[in-house]
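To find a chain, count down the sequence lines: A is the first, B the second, and so on, and within it residues start at 1. If you're wondering where the values come from, they're calculated on a predicted model, not measured in any experiment.
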Protein chains: 2
Amino acid sequence: MLSESESSGRESAVTGLTFEQLCINTIRFLSVDMVQKANSGHPGAPMGAATMACVLWDRFLKHNPDNPSWPDRDRFILSAGHASAMLYSLLYLTGYDLSLDEIRRFRQWGSRTPGHPEYGTVPGVETTTGPLGQGFANGVGMAMAERWLAARYNKPGHEIIDHYTYAVVSDGDLEEGVASEAASLAGTLRLGKLIYLYDDNGISIEGDTDITFTEDVAQRFQAYGWQVVGPIDGLEPADISRAIKMAQEETERPSLIICRTIIGYGSPNKQGKASAHGEPLGEEEVRLAKERLGWPYAEPFTVPLEVLAHFRLAVERGNRWQQEWEDKLQEYRRAYPDEARQLESELQGELPAGWDGELAEVLKDIDKPVATREVSGRVMNKIARTVHSFIGGSADLAPSTKTLLKEYGDYGSEDYAGRNLRFGVREHAMGSVANGMALHGGVIPYTGTFLVFYDYMRPSLRLAALMGVRVIFIFSHDSVGLGEDGPTHQPVEQLMALRGVPGLVTIRPADATETVEAWRVAIERNNGPTALVLSRQNLPLLDRAVLAPAGGLQQGGYILREARKTPEVIIIGTGSEVHIALAAARELEQEGQGARVVSLPSWELFEAQPEEYRNRVLPPGIRARVSIEAGIPLGWERYVGLDGTAIGLPRFGASAPGEVVYQQLGLTPQRVVEEARRLLERRQP
Amino acid sequence: MLSESESSGRESAVTGLTFEQLCINTIRFLSVDMVQKANSGHPGAPMGAATMACVLWDRFLKHNPDNPSWPDRDRFILSAGHASAMLYSLLYLTGYDLSLDEIRRFRQWGSRTPGHPEYGTVPGVETTTGPLGQGFANGVGMAMAERWLAARYNKPGHEIIDHYTYAVVSDGDLEEGVASEAASLAGTLRLGKLIYLYDDNGISIEGDTDITFTEDVAQRFQAYGWQVVGPIDGLEPADISRAIKMAQEETERPSLIICRTIIGYGSPNKQGKASAHGEPLGEEEVRLAKERLGWPYAEPFTVPLEVLAHFRLAVERGNRWQQEWEDKLQEYRRAYPDEARQLESELQGELPAGWDGELAEVLKDIDKPVATREVSGRVMNKIARTVHSFIGGSADLAPSTKTLLKEYGDYGSEDYAGRNLRFGVREHAMGSVANGMALHGGVIPYTGTFLVFYDYMRPSLRLAALMGVRVIFIFSHDSVGLGEDGPTHQPVEQLMALRGVPGLVTIRPADATETVEAWRVAIERNNGPTALVLSRQNLPLLDRAVLAPAGGLQQGGYILREARKTPEVIIIGTGSEVHIALAAARELEQEGQGARVVSLPSWELFEAQPEEYRNRVLPPGIRARVSIEAGIPLGWERYVGLDGTAIGLPRFGASAPGEVVYQQLGLTPQRVVEEARRLLERRQP
C-alpha cells in the first residue's frame with residue numbers, strides 16, 4: 001500500500017494537480033468516455049465516487065489482479081452497479097485481464113463490459129449488481145462467510161482467513177428494504193470487517209433526495225449497531241483514507257462511512273443534478289468537464305503512462321500479498337494438515353468422496369406417511385455430517401421448514417463457527433446474503449422459508465440464477481395443502497414462477513425417496529442454484545418394489561408406473577399430487593384403460609434430457625394427457641398440449657384443513673379419472 | 001369514547017379484577033378458544049396484545065360497526081395478521097356483522113373467519129394481512145390517502161376528512177424490508193395521524209429475538225422522523241391510553257408506541273416462549289391459563305353478558321359519530337356543493353361521465369414510431385384532467401416510466417394535495433402503499449417502475465389481486481429491447497409471472513392505439529388490479545385502416561390481420577413483437593401461405609371471452625401456430641400446443657443496443673417465417 005504522502009504529495013508534471021488527483025481523474029474520464037462512446041450509461045456516479053474508489057483501491061484493497069480468485073483477497077462490491085464504468089476502469093488500470101479494447105466496447109454485444117457488472121463476465125467483478133440493495137446484502141454474506149471460515153480454520157498464529165469486505169453503496173441502495181434487512185442482520189452479527197462507503201450525493205433519478213429520503217441515515221445505522229464515520233468530504237482523499245482506517249480499527253461493528261460527494265463532479269452544467277445520472281454528458285459537456293478538472297487530453301480513453309504505471313503496481317503488490325499468504329498456508333499445512341486439506345477442498349467447492357453414502361438411511365425409519373419437509377430435514381442432518389461447508393438457515397421458520405442442523409450450533413458473534421444461520425423475518429436479505437456467501441466460496445449455503453414467501457426474495461433467486469452460484473433454496477409448505485393459514489400463506493403461482501427463472505433448477509419431490517434424490521441433485525449441482533419445494537402435509541412412501549426406482553428423479557421426469565396394457569392416457573403429477581395421479585390410474589386400470597403415471601419433479605432436469613428419452617416418457621402420439629398439480633395450470637400446457645387437461649388452481653386457495661381444501665378445489669383422484677375418461681371418449685369417433 | 005375512570009375503575013362482580021381486565025380477558029380467551037377449537041392458529045399474540053387492542057378499540061377507535069364502510073372512520077390494521085383471532089373477537093364483541101357461530105368456525109371451509117384476516121370476507125377487516133410488513137405499509141398508504149383527501153376537500157370550518165390510521169405491528173413486521181421502506185417514506189411525508197402500536201414481545205418463531213433482532217428500534221424510527229413513545233408496559237391499560245394520547249397530540253410525525261408485552265400472557269407453561277406462537281395451547285394449558293388469569297368460565301367461548309353489553313356500546317357510539325359526520329357533510333354540501341358531489345362520487349369509486357372522451361387525442365400527434373411508455377404518459381395526463389382521484393408515482397424512475405402528471409404538483413408535507421407521489425427507490429413499499437390507498441377509498445392509485453423490478457414488489461401485487469383492489473401497476477422497459485442496461489435490467493420471466501397471478505389483469509399493448517385501449521380497461525376495472533406492460537423502445541403505429549380496430553384489445557386478443565386466403569398458420573404476438581409477427585406474415589403471404597396474425601395483449605381478458613369467440617380467433621383445427629414474445633416461452637404452449645412453436649427467450653438477456661439483442665437472440669421476422677415454414681412442411685405428408 002502507498003502511504004498517504006507517497007500518493008498524494010507528488011505533483012503531476014502535466015497538470016499541476018497532485019498525482020493522486022490525476023489518478024482519480026483518469027478513473028473519472030475513462031468512465032465518462034466509456035459512457036460517451038457507448039452513448040448509453042451512467043457518468044454521474046463514477047465522476048462523484050472516483051475519489052473514494054481510487055483511495056480504497058490504491059491505498060487499502062488487498063487483491064491480486066493476476067489471480068482474481070485468490071481466496072483471502074479483500075472483497076470489493078460496487079453495489080451501485082450503474083457505476084459499472086468506474087469498476088471496469090479500476091480493473092483495467094490495476095491490471096486485471098481486461099483490455100482497453102474491451103473498455104471501448106462498453107455495453108456492446110459480446111463485450112466483457114456489460115451495462116451493469118456481471119459476475120463471471122470479467123475477472124474482478126465479485127458479484128452482479130444493478131438491482132439496488134443486492135450488492136449491499138451480498139457483502140454481508142461475504143463477510144459472514146469470511147468470519148465462518150476464520151472461526152473454523154484459523155488457529156493461534158495462523159490467521160489463514162482474514163480479509164475485509166468493502167462496498168460502495170448509494171442512496172438508492174440504502175432506500176431498498178433488502179439493505180435495511182441486511183444491515184440489521186450485520187449489526188446483530190457484529191461483522192466488524194465489513195466496511196461500506198456510502199456515496200451520499202443527495203441525488204436520485206427523480207431529483208434531490210430531499211423529496212423522498214429525509215431520514216437520518218447515520219442514526220439509522222447506529223440503531224442497527226454499526227459504527228458510522230462521517231459525514232466526510234468524499235472528494236478529499238486524506239479524509240477518505242482516515243475514515244477507512246477508523247473503520248478498520250473498529251473490529252466489533254460494521255462501519256458505514258458517509259462520504260458527501262457530488263454527482264457528475266466536474267461537469268459544469270450537470271454536476272449536482274439528476275441529469276448527470278443516467279445518460280451520456282454529451283460531447284461538449286465532456287469537453288467542458290475535462291477542461292474544468294484540468295484534464296489536458298482531448299483524445300478519449302487517454303491514460304497517462306505514469307498513471308497506468310502507478311496503478312499497475314497493484315499487480316506486484318498483489319502477488320506479494322498472495323505469496324505471503326501462500327507462505328502462511330504452507331505453514332498451516334504443516335501444522336494442521338487435515339484442516340488445510342479440508343479448507344482447500346472446500347474453497348474449491350469440492351465434495352468429500354462418498355458424501356452421500358448415508359442419505360438413504362433416513363428411509364429406513366419411515367413406516368408411515370411423512371412430509372417431504374420432514375424428510376428433507378433428516379437428509380440435511382446427514383449431509384451436514386459429511387459436507388462440512390454446508391451451512392444455512394431460515395427466515396424465522398426453522399421449526400416449520402425443518403432446516404435446523406441439530407448437532408451444530410448457531411452462527412453469531414458468540415460463535416462464528418456455528419452452522420445455523422438465524423436470518424430473522426428477512427427473506428429478501430436471506431436470499432441475497434446466501435448469494436454473497438456462495439460467491440465468497442468455501443461454503444455451500446442454504447435458505448429456508450415457506451414457498452409463498454419466495455415472492456419476498458424473488459430478486460435474490462433471479463441473481464443466483466443469473467450468476468450461476470450454488471445456493472440451495474428450500475421452500476416448504478408448498479401448496480394449499482398447508483391448510484388453515486389460508487390464501488395469504490398458500491402458494492399457487494409460485495411453483496410455476498420458479499420454473500420460469502432461467503438457470504434455476506426446481507425440484508418438487510413426491511415422497512421421501514424422491515426427496516433423498518432431490519438433495520443429491522442440489523448438492524452436486526455446482527453451477528447454479530436449486531430450489532427444493534416441499535410439502536407441509538404427510539405423504540405416503542411410494543412403493544418402489546412395484547413402482548420405478550426413485551433414481552428417475554435424476555432425469556427430472558420418469559415413468560413411475562407403467563400401464564398394464566398399452567398406455568392410452570398419461571397422468572402427470574409432481575410432489576403431493578403424484579399420489580392422486582397414482583390413485584386415479586389404479587381406478588382407470590380397473591376400468592380397463594391403460595393409464596401411465598409420470599412423475600415430473602423437475603422440469604428443467606427433464607428438458608435437459610435427450611429428445612428420445614423425453615419422447616419415451618411422453619410419446620408424442622399419446623395426446624390424452626391429464627396433469628395434476630396444486631398450483632396454477634398455466635405452463636402445464638407444455639406437457640398436456642391443446643388436447644389434454646391441466647388440473648390445478650387458477651385461483652387463490654382457502655382457509656380450511658388441507659384435505660378439505662384439496663377436496664373442495666377438486667384436487668382429487670375422481671377429478672383426474674373424470675377428465676381422463678372425457679379425453680378418452682372424445683378420442684373415439 | 002369512555003373515559004379512563006369509567007372503563008377501568010369498575011370492578012368486575014365475577015372475578016375481583018377490574019371490569020376492563022375482564023373485557024381484556026374476554027378478548028384473550030375468545031381468541032384462545034378459537035385456536036383451540038380449530039386445533040390450529042396462533043394463541044400467543046392475542047394473549048399478549050389483547051390489552052393494547054382493548055384500550056385502542058374501547059377508548060379511542062372511531063368506527064361504526066353498523067356501517068364498516070363509513071368513509072371517515074379510523075382505520076385499524078392488524079399487521080400481525082396471525083393474531084386474526086383477536087381481530088375477529090373485537091369485531092364480534094363490538095357488534096360487527098359476525099356471529100359467534102362464525103367465531104366457532106375459525107379456520108374452517110367457507111367460514112368468515114379464515115386463518116389470516118382477509119379483506120372482503122368479513123366487514124371490519126380493512127386489509128388482508130399475514131405476510132409480514134404488508135399491513136404496516138398499507139397503513140402508510142391509508143394515511144396518505146386520508147391526508148390527500150383532507151388537503152383536497154377540507155375547508156376552513158369543514159373538516160370533512162379527519163381520521164387516524166392505527167395498526168398493531170409485531171417484531172416480524174419491523175424486520176421486513178417493506179416496513180423499513182414504508183417507515184422512511186412515512187417519516188419524510190410527516191404523516192402525523194399514523195399511530196402504530198408495536199407489540200414488542202421479544203419472541204419470534206425461532207426463539208428470542210435476541211438471536212437476530214438486536215437493533216435499537218426506537219432509535220431507528222427516530223431516524224426515520226417518527227415520534228417514538230415508550231417502551232411502555234403493554235399490559236397496563238392506563239399506560240397504553242396515555243401513550244395513544246401522546247401520539248394523537250403529535251401532529252407532525254407518525255408515532256410508534258413501543259409496548260412491552262409477553263407472548264402467550266397468562267399461560268403458565270408457555271408464556272414468554274416461542275411455543276406460545278403458532279399452535280394451540282392444548283386443553284390443559286388453556287385451563288391453566290384461565291385459572292391463572294382468574295377467568296371463571298369453564299365453557300369455551302363464554303362472553304360475560306356485561307362485557308358484551310359494554311363492547312356493544314360501540315354501535316351506539318359509532319352511529320353517533322357517523323351522524324355527527326353526516327351532519328357536517330350536510331353543511332359541507334350546502335357550502336360546497338360541487339366539491340361535495342365530487343368527493344362523494346370519488347369515495348364511491350365512480351368515474352366522471354365521459355372521462356375517457358379525450359384519450360384518443362394523443363394519437364393525433366403521432367406521426368412516427370413512439371414507445372408505449374411515452375404514449376402511456378400522455379394518456380395518463382389526459383386521464384388526470386378528468387379523473388381527479390387519479391394519483392400515483394414511481395419508485396424513482398418517473399422520467400423513464402413517463403408516469404409524471406405534469407400539471408399537478410408533488411405530494412408532500414408542503415402540499416398534501418399534490419398528485420405525484422415520490423416513492424423513492426422503494427418498489428415494495430410503493431406497491432403496498434398503493435394497496436393501502438386503494439383500500440382507503442377516494443383515490444385510484446397507480447405505481448411505476450421497470451418490469452424487471454416487479455420482482456421487488458411481487459408480494460404487493462399478489463395481495464392487490466387477492467383483495468381485488470383497483471390499483472394500476474405500470475411496468476415500463478418491458479423486454480430485452482431496453483438494451484444496454486443488460487440482463488439485470490432486462491425482464492424475461494416477469495411477464496409470464498404476472499399472468500400467473502390469479503385475479504390480476506396484465507396488458508401488454510402493441511402500439512399507441514392499443515395503449516389507449518389498455519388504459520380504458522385499467523381505469524374501468526374496479527374489482528381488481530391491472531398491470532400495464534410498456535416498451536422502452538419506439539414502436540410503429542399499427543395502421544388501423546388496413547388492420548382490425550384497436551378496440552379488439554377489450555377482448556384480450558383479436559385477429560389483427562386476417563390471411564388473404566384461408567389461414568394455414570397463425571402467428572401470435574404481444575406488445576413490441578406484434579410488429580415482428582406482422583412482418584413475418586407479410587413475407588409468408590408473399591410466399592403464398594395464408595397467415596393470420598393475432599394480437600394477444602391480455603391473456604386474462606381473452607380467457608374471459610366465450611369459447612366461441614376464442615375458437616374464432618384461434619380455430620382448434622389450425623395447429624400450425626407460432627408465437628413470438630420477448631420473454632420466456634413457458635406458458636405459451638397454452639396457445640401453440642404440442643404442435644406449434646413458441647419463440648421467446650428461455651434465457652437471460654444481454655447488454656447491447658436493443659435492436660442488436662433482438663437480432664442476436666432470434667427475435668426476428670426471419671425466425672418466425674422459418675418456424676412457420678417448418679410447421680407447414682411437417683403438416684404435409
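Considering CG of B:L634 and CG of A:L634, their distance stands at 7.0 Å, rounded to 0.5 Å. To the nearest 0.5 Å, atom CG of residue B:L189 and atom OG1 of residue A:T212 are 7.0 Å apart. A distance of 10.0 Å separates CE of B:M467 from CZ of A:F652, quoted to the nearest 0.5 Å.
Neither the backbone nor the side chain of B:R190 comes within contact range of chain A; no heavy atoms are under 4.5 Å apart. Residue B:W603 touches chain A through its side chain alone, counting heavy-atom pairs closer than 4.5 Å. Contact of B:S40 with chain A is made through the side chain alone, with heavy-atom distances under 4.5 Å. Looking at A:R623, only its side chain comes within 4.5 Å of chain B, counting heavy atoms on both sides. Residue contact with chain A, scored on non-hydrogen atoms closer than 4.5 Å, involves the backbone of B:T129 exclusively. Neither the backbone nor the side chain of B:V217 comes within contact range of chain A; no heavy atom of the residue lies under 4.5 Å from a heavy atom of that chain. Heavy atoms of B:H82 lying under 4.5 Å from chain A are absent altogether. Contacts of B:F453 with chain A are made by side-chain atoms alone, with heavy-atom separations under 4.5 Å and no backbone atom involved. Residue contact with chain A, scored on non-hydrogen atoms closer than 4.5 Å, involves the side chain of B:I632 exclusively. Contacts of B:E279 with chain A are absent, with no heavy-atom separation under 4.5 Å from either backbone or side chain. Interface remark: B:T128 contributes side-chain atoms only to the contact with chain A (heavy atom separation under 4.5 Å). Contact annotation for B:P650: only backbone heavy atoms (N, CA, C, O) come within less than 4.5 Å of a heavy atom of chain A. No part of B:A646 comes within reach of chain A, as not one of its non-hydrogen atoms sits under 4.5 angstrom from that chain.
Contacts with chain A were tallied for B:Q108, B:R426, B:M457, B:H428; B:R426 has the most, counting heavy-atom pairs under 4.5 Å. In terms of heavy-atom pairs under 4.5 angstrom with chain B, the leader among A:V660, A:L132, A:L466, A:V501 is A:L466. In terms of non-hydrogen atom pairs under 4.5 Å with chain A, the most contact-rich of B:G115, B:A497, B:P502 is B:P502. The candidate from A:G500, A:G635, A:G486 with the greatest count of non-hydrogen atom pairs under 4.5 Å with chain B is A:G500. Each of B:R499, B:H489, B:R105, B:Q134 has some count of heavy-atom pairs under 4.5 Å with chain A, and the biggest count is that of B:H489. Across B:G130, B:A395, B:A398, the residue that shares the most heavy-atom pairs under 4.5 angstrom with chain A is B:A398. By number of non-hydrogen pairs under 4.5 angstrom with chain B, the leading residue of A:L463, A:D643, A:D173 is A:D643. Counting heavy-atom pairs under 4.5 Å between each of B:L642, B:V452, B:D171 and chain A puts B:L642 at the top. Contacts with chain A were tallied for B:G110, B:P131, B:A183, B:G424; B:P131 has the most, counting heavy-atom pairs under 4.5 Å. Considering only heavy-atom pairs separated by less than 4.5 Å from chain B, the leading option among A:G412, A:G641, A:P487 is A:P487. Ranked by heavy-atom pairs under 4.5 Å with chain B, the first of A:E427, A:E414, A:R651, A:Q664 is A:Q664. If you tally non-hydrogen atom pairs under 4.5 Å between each of A:S204, A:G278, A:G187, A:S180 and chain B, the highest count goes to A:S204.
Distance alone, capped at 3.5 Å, is enough to place a donor-acceptor pair between the B:E206 side chain and the A:L397 backbone. A distance-only check finds a donor-acceptor pair linking the side chain of A:E181 to the backbone of B:G177 [under 3.5 Å].
Classification of B:D216 and A:R220 as a salt-bridged pair fails, no side-chain N sitting under 4.0 Å from a carboxylate O. Salt-bridge formation is not detected for the pair B:D208/A:R422: no Lys NZ or Arg NE/NH1/NH2 atom is positioned less than 4.0 Å from an Asp or Glu carboxylate oxygen.
Taking B:R638 as the reference, A:E637, B:E607 meet the salt bridge (charged side-chain N to carboxylate O under 4.0 Å, His left out) condition, with sequence neighbours excluded. Residues meeting the salt bridge (charged side-chain N to carboxylate O under 4.0 Å, His left out) test with B:E118, sequence neighbours left out: none.
Minimum interatomic distance between A:G172 and B:V425 (heavy atoms only, all atoms of both residues): CA-CG2, 3.8 Å.
Residues B:R458 and A:Q494 have side chains in contact (heavy-atom distance under 4.5 Å, counting atoms from C-beta outward). A:D485 places a side-chain heavy atom less than 4.5 Å from the side chain of B:H42. Side-chain contact between B:S184 and A:E175 is absent, with no heavy atoms from C-beta onward closer than 4.5 Å. Between B:E215 and A:L185 the shortest side-chain heavy-atom distance does not fall below 4.5 Å. Contact of the B:P657 side chain with the A:R107 side chain is not registered, since no non-hydrogen atoms from C-beta on lie closer than 4.5 Å. Residues B:F213 and A:D396 form no side-chain contact, since every pair of their non-hydrogen atoms from C-beta on lies 4.5 Å or further apart. A heavy-atom distance below 4.5 Å is not found between the side chains of B:H116 and A:S655. Contact annotation: the side chain of A:E176 approaches that of B:Y456 to within less than 4.5 Å [non-hydrogen atoms, C-beta and beyond].
The closest side-chain donor-acceptor pair between B:T188 and A:T214 falls under 3.5 angstrom. When only modelled atom types and interatomic distance are considered, B:T488 and A:R462 share no side-chain donor-acceptor pair under 3.5 Å.
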